[in-house]
Amino acid sequence: MTEETKSLRDIRLDKLARLRERGVDPYPVASTRSHVIRDVTTAFDELEGKEVAVVGRVTALRPHGRASFADVTDATGKIQLYFKSDLLGERYELFDLLDLGDFVGAAGKVFKTKTGEITIAAEDFTLLAKGLRTPPVVKTEKTEEGDVTHDEFADPEKRYRKRYLDVMVNPQARACVLTHAEVLRAARRFMAEQGYAEIETPILQPLYGGANASPFTTRHRDLEMDLYLRIADELYLKRLLVAGLEKVYEIGKDFRNESIDRTHYPEFTMLEAYEAFGDYRTMMALTRGLIIAAAEEIRGTLKLTYQGREVTLEPPWARVSLVATLNERLDVDVLNEETQTLSDLYVLHYLKRYDEPQRGNTETNEKKAREAMYGASRAKVIDALFDLLVACDIWNPTFVVDYPAELSPLAKRQPDNPALAERFELYLCNMEIANAFSEQNDPAEQRKALEAQAEAGAAGDEEAQQMDEDFLEALEYGMPPAGGLGVGIDRLAMILSDAPSIREVIAFPCIKTDIERAVTKEVALSELRRLYIEIVGESIDKDPNKKYLEYKYVPMLMGIVVGVKRSTAKGIVEYDLRSGMVNDPRFATRKFNEYQNKIRAYFGDEFPKDKLDHYFQEFYIKGAEDAAIKNSLFEMHAELIDILVCEEKIRLIERITVIGKPIRAKTGPVFGFGVKGAWDIKVGKVYFAVTTQGRNETSFRIFPDLKYFDSTIKSGTLSGLIDFTKKSEKLKIGLPIERSELEDKIIELSLIYEPIPFPEVPGPHSLRKKIDSIDITEDILALL
RNA sequence: GGGCCAUUAGCUCAAUUGGCAGAGCAACUGACUCUUAAUCAGUAGGUUACAGGUUCGAUUCCUGUAUGGCCCUCCA
């Protein structure tokens, strides 16, 4: 929190206290409202001169001595209040204690001002909720050319981070969130009218299926099993068709562990519907009916504008054949052409489309395009070609049919062309909105298709579908022929609210949290020793009103732990070298000689003596100057050794970052630090140990994904291991600490990086058990 | 995974070839009984995201990091 917001908030806290002194309850339980604001403005002719009571938030204040104006806004609209000392008497003084953002209730007669503004002359007004923070001030100027907005709350990061402010002050943001709700309502109403039953199927699933995507995984503690967050509802809804239900649907969140962009979000809302005795043509009619019903209900028209471009939903909707369109565009027979030729065509057209350097079309991207295509199956290349050449230019609603069967393992094949699936995707405004099949109900065919997926998975396709024996068994009891449909609700909401990004229609889009936003410092290769941060305490610096948290590094290194410093906020210093305590400088000097020998033993005589001397001089002298703080010659020695060993041993590591300064937290008194390595490590492992002592608990987390290490310890050491055998990872460790707790905290963090391959890739569960049994001390000693 | 851009007061934005970090709104004090981006006078508000480098001197130039945005890739 900055000083600025503090003082603004303090001013408001003062006002709060003054209100209480006057006997005003700033947070009363009840409020009186006779009209919502829109009803007052629309029915002005009837209400003029009559008394009304409205409630809302103060969105503008215009004081004029002993008569003042305020704008009050509720969910329906905005109205002006007129406060006049003649009418209010003593209560007029309370106007001075009002701030932007407060909720108030006001009662009085409706009238029009000289300038024609519909206004309520307050004869009574009540504070309903005092705001302690100033909302962003956005003003709208009425001009001849229309309204001009000033000081718009527009920074995308701030908008997403504080979405409640965004929705508070930006009408467009509010509209997007509400449109999403209206789409849900319209969809439910429409599906109910069609006779569909809304079912809730599991979100936590032992196997994921129904789409090709990477899942999120989680763990059920008591069952001791890994579970997946669903990527689709499909396989469970189809089981209900087996059960004899005929029209089922579900609206729910699906989760796909993939990147975020304008049209993709890892947690998104999907409507899936299955109708027994239907097929994908049935689903076409259903899709069109659903979307038209939603548009008519929400927008009242089928002629829309999306991102400045007109789009019409009026039937008939176009239908294009994927294969035929490509054949025509490319002048080949895609289903029989050599895959290599198709790949070449892809790269050719890719370069054609993205030939401007501004669009990030670098040589590497070209290479990647080539590599991706040259390894891919014909079906995938066909699909990529279609996306590149056709799909991304479709604007008005268009059903795309004739998908390669290979891309649709859960769909039936076309009877007269088994290479193609009974499937469509609906494209609208360059987006894929819906996907539907005639569902595969032949257990043998389904098994074959899933086996092919399993093979692809085994060959490294991370998005291949899993073999679901239970689903196949269910199919063997007989599933009626059926049509199935999936509709992206968020994307539909985008189009209906003219939102440029899917995140606009999601109420609270994900954004990195504060603890991970800790101020960071990069440590150069030569500074790798500094991997341990000590909180020294608060200091007063120049300005007595400002406090800074002081911290300093304790010598550590990657590869070998030289010494671990233990220190409290009071400044007690001692060293534990795993070989005894050191607190005597003379002893430290002796220790240094020992380490010197050790270095020579380690590196042989190749290690240049002048380099050693240089480091020694530099750090000795620096250390002497800085002695009052560092208070230990030995520390210099430790740093020296760190450098010597690090530079030689840690060549594999490109760089490492230490996170260590107090967060400039705007949300609360949190201190965080962590260590983050941006290492290009393909194999290897990192040991870590965190020790805390103190009265209060310390919650402790390792980022990004190592949930097994997310725990709370009161006192003691938690150690573990992170392996980098699967892929290069970033390591972050965060310790959120309340500022008030700093005084009694002792925290140590040790890290050792060992760049050797892991013998096996243990599953998450076995990894956890392994970690429990690790004795980190032995590993440290082994390295020494 | 890659490219480009951005980050300065609570909000929106300035700052000349590298030379004292500024304005409007919001806040505070004062004036004002029909204003509406109210107005007028004054006051206060900054580790220029973070770290390092170059320089007599860095918001400005260089390097790195963080966060965010757009695009490519991926997400069939």
Side-chain angles (χ1 to χ4, degrees), chain A residues 2-5 7-9 11-12 60-71 80 82-87 92 99-100 111-115 117 119 121 133-143 148-161 165 169 211-214 256-264 266 350 354 356-369 372 379-380 382-384 386-387 403-404 406-408 425 432 435 462-463 501 511-512 516-524 527 541 546 548 655 657-659 661 664 666 676 678 728:
Chain A
T2 64
E3 296 299 316
E4 172 66 15
T5 55
S7 65
L8 287 177
R9 189 163 170 270
I11 289 163
R12 287 183 174 229
L61 288 168
R62 291 183 291 278
H64 289 269
R66 280 177 290 285
S68 300
F69 295 89
D71 288 344
Q80 180 169 256
Y82 182 42
F83 295 88
K84 202 173 172 187
S85 56
D86 298 351
L87 282 172
Y92 184 77
D99 284 307
L100 289 177
F111 74 107
K112 255 188 196 170
T113 63
K114 279 200 293 206
T115 49
E117 177 101 3
T119 303
R133 293 174 189 269
T134 313
V137 182
V138 180
K139 295 197 172 191
T140 309
E141 181 184 14
K142 287 171 197 155
T143 67
V148 179
T149 304
H150 298 272
D151 300 344
E152 193 174 6
F153 183 62
D155 178 12
E157 182 176 350
K158 284 170 185 148
R159 285 181 54 227
Y160 289 142
R161 223 173 260 292
L165 294 180
V169 303
N212 297 67
S214 323
R256 299 185 181 176
N257 205 341
E258 280 147 9
S259 58
I260 298 171
D261 66 25
R262 205 175 61 78
T263 58
H264 295 85
Y350 175 86
Y354 300 110
E356 308 134 51
Q358 298 95 315
R359 304 199 61 170
N361 183 31
T362 62
E363 200 183 317
T364 30
N365 277 341
E366 293 174 23
K367 266 189 208 156
K368 275 184 185 170
K380 285 208 167 172
I382 290 174
D383 194 50
F386 183 76
D387 279 347
Y403 278 77
E406 191 196 315
L407 289 173
S408 319
E425 284 191 357
E432 180 195 333
N435 183 18
E462 285 179 10
E463 273 122 28
S501 163
I511 202 150
K512 288 203 182 184
E516 291 185 71
R517 293 177 70 225
V519 176
T520 63
K521 173 186 185 300
E522 193 208 343
V523 180
E527 291 181 285
D541 183 17
K546 292 179 182 177
Y548 295 93
R655 57 182 176 265
T657 304
V658 171
I659 304 174
K661 255 171 86 170
R664 285 172 64 183
K666 290 177 182 172
K676 181 185 169 184
S728 57

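When reading the values below, keep in mind they use all heavy atoms of this one structure, side chains included, and skip hydrogens, waters and symmetry mates. Each chain gets a letter, A, B and so on, in the order its sequence line appears, and its residues count up from 1.
Note on A:Glu425: nothing from the nucleic acid sits closer than 4.0 angstrom, heavy atoms only. If you check every strand for non-hydrogen atoms under 4.0 Å, A:Glu152 touches sugar and phosphate atoms only. Counting non-hydrogen atoms under 4.0 angstrom, A:Phe111 reaches a base of the nucleic acid. Counting non-hydrogen atoms under 4.0 angstrom, A:Pro404 reaches nothing in the nucleic acid. Across all strands shown, A:Lys380 has no heavy atoms under 4.0 Å from either base or sugar-phosphate atoms. Residue contacts shown for A:Ser85 include a base, since a base heavy atom lies under 4.0 Å away. Within 4.0 Å (heavy atoms only), A:Ala379 reaches no atom of the nucleic acid at all. Residue A:Thr134 is classed as a sugar-phosphate contact, given heavy-atom separations below 4.0 Å to backbone atoms only.
Side-chain contact between A:Asp151 and A:Pro136: absent, with no pair of heavy atoms (C-beta onward) separated by less than 4.5 Å. Considering only heavy atoms from C-beta on, A:Tyr403 stays 4.5 Å or farther from A:Ile382 through its side chain.
Look at the C1' atom in both B:A51 and B:A66: the space between them is 10 Å, to the nearest Å. A gap of 28 Å separates the C1' atoms of B:G53 and B:A14, to the nearest Å. For the C1' atoms, the distance from B:U59 to B:C34 is 46 Å, rounded to whole Å. One P atom belongs to B:U36, the other to B:A26, and the distance between them is 13 Å to the nearest Å. Comparing B:C4 with B:A9, their P atoms sit 26 Å apart, to the nearest whole Å. Spacing between B:U12 and B:G1 at atom P, rounded to whole Å, works out to 30 Å. Comparing the C1' positions of B:G24 and B:G45 gives an interatomic distance of 15 Å, to the nearest angstrom. Remark: the separation of the C1' atoms in B:C32 and B:A41 is 12 Å, to the nearest Å.
The side chain of A:Lys139 has B:A37 as its nearest neighbour among B:U36, B:C74, B:A37. Comparing atom distances between the A:Asp383 side chain and each of B:U35, B:A76, B:C28 picks out B:A76 as nearest. In the set B:A27, B:G69, B:U73, the nucleotide with an atom closest to the side chain of A:Tyr160 is B:G69. Among the nucleotides B:C74, B:C25, B:U36, the one closest to the side chain of A:Glu117 is B:U36. Residue A:Gln80 has its side chain nearest to B:U35 when only B:G69, B:A76, B:U35 are considered.
Under a 3.5 Å cut-off, the side chain of A:Ser85 and the backbone N or O of A:Tyr92 do not form any donor-acceptor pair.
For the OP1/OP2 pair of B:C11 and a distance below 4.0 Å, the side-chain nitrogens and oxygens of A:Lys158 include at least one atom meeting the criterion.
In the interface, the side chain of A:Arg62 is paired with the base of B:U35 through a donor and an acceptor atom under 3.5 Å apart. Between the side chain of A:Asp155 and the base of B:G68, no donor-acceptor pair of N or O atoms lies under 3.5 Å. Judged by atom type and distance alone, A:Glu157 does not reach the base of B:U7 through any side-chain donor-acceptor pair under 3.5 Å. Judged by distance alone with a 3.5 Å cut-off, no donor-acceptor contact links the side chain of A:Thr115 to the base of B:C34.
A:Lys142 meets the salt bridge (charged side-chain N to carboxylate O under 4.0 Å, His left out) test with A:Glu117; sequence neighbours excluded.
Rounded to a whole Å, the CD atom of A:Glu141 is 18 Å from the P atom of B:U12. At whole-Å resolution of the value, NZ in A:Lys84 and P in B:U35 are 13 Å apart. Atom CZ of A:Arg66 is separated from atom P of B:A31 by 9 Å (rounded to the nearest Å). For A:Ile11 and B:U29, the CD1 to P distance is 8 Å, given to the nearest whole Å. A:Arg262 has its CZ atom 14 Å from the P atom of B:G69, to the nearest Å. Counting to the nearest Å, the P atom of B:U7 and the CZ atom of A:Arg161 are 17 Å from each other. Atom-to-atom, CZ of A:Phe83 to C1' of B:U35 comes out at 13 Å; the value is rounded to the nearest Å. Following rounding to the nearest Å, A:Asp71 (CG) and B:A38 (P) show an atom-to-atom distance of 8 Å.
Shown here, B:U33 forms no base pair; nothing in the strands shown gives a Watson-Crick or G-U wobble contact with both key distances under 3.5 Å. Of the nucleotides present, B:G42 is the one that pairs with B:C28 by Watson-Crick or G-U wobble criteria, both distances under 3.5 Å. With a cut-off of 3.5 Å on both pairing distances, B:A21 has no Watson-Crick or G-U wobble partner at all. Pairing partner, B:G52: B:C62, with both Watson-Crick or wobble hydrogen-bond distances short of 3.5 Å. With a 3.5 Å ceiling on both atom-pair distances, B:G57 lacks any Watson-Crick or G-U wobble partner. Figure legend. B:U16 is base-paired to no nucleotide; pairs are counted as Watson-Crick or G-U wobble with both atom distances under 3.5 Å. Nucleotide B:C70 forms a Watson-Crick or G-U wobble pair with B:G3, both donor-acceptor distances falling under 3.5 Å. B:A9 is unpaired under the Watson-Crick or G-U wobble criterion, no partner having all donor-acceptor distances under 3.5 Å.
Taking the charged nitrogens against the carboxylate oxygens, A:Asp86 and A:Arg66 have no contact shorter than 4.0 Å, which rules out a salt bridge.
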**Item:** A:Lys158/A:Leu165 under side chain to side chain contact (heavy atoms under 4.5 Å, CB included): CA gap, chis, key distance, verdict
**Value:** CA-CA 9 Å; A:Lys158 284 170 185 148; A:Leu165 294 180; over 6 Å; no
**Message:** Checking A:Arg62 against A:Asp71 for the side chain to side chain contact (heavy atoms under 4.5 Å, CB included) test, could you report, in this order, the C-alpha distance in whole Å, the side-chain angles of both residues, the deciding distance, and whether it holds?
**Reply:** CA-CA 9 Å; A:Arg62 291 183 291 278; A:Asp71 288 344; 3.0 Å; yes
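When each of A:Pro136 and A:Pro156 is assigned the nucleotide of RNA chain B bearing its nearest heavy atom, the one mapping closer to the 5' terminus is A:Pro136. In terms of position along RNA chain B, the nucleotide closest to A:Leu100 lies nearer the 5' end than the nucleotide closest to the other residue of the pair A:Tyr82 and A:Leu100.
Listed here is the closest heavy atom pair of A:Phe153 and A:Val138: N-CG2, 3.8 Å.
Put simply, CG on A:Leu407 and CZ on A:Phe386 are 12.0 Å apart, with the number rounded to the nearest 0.5 Å.
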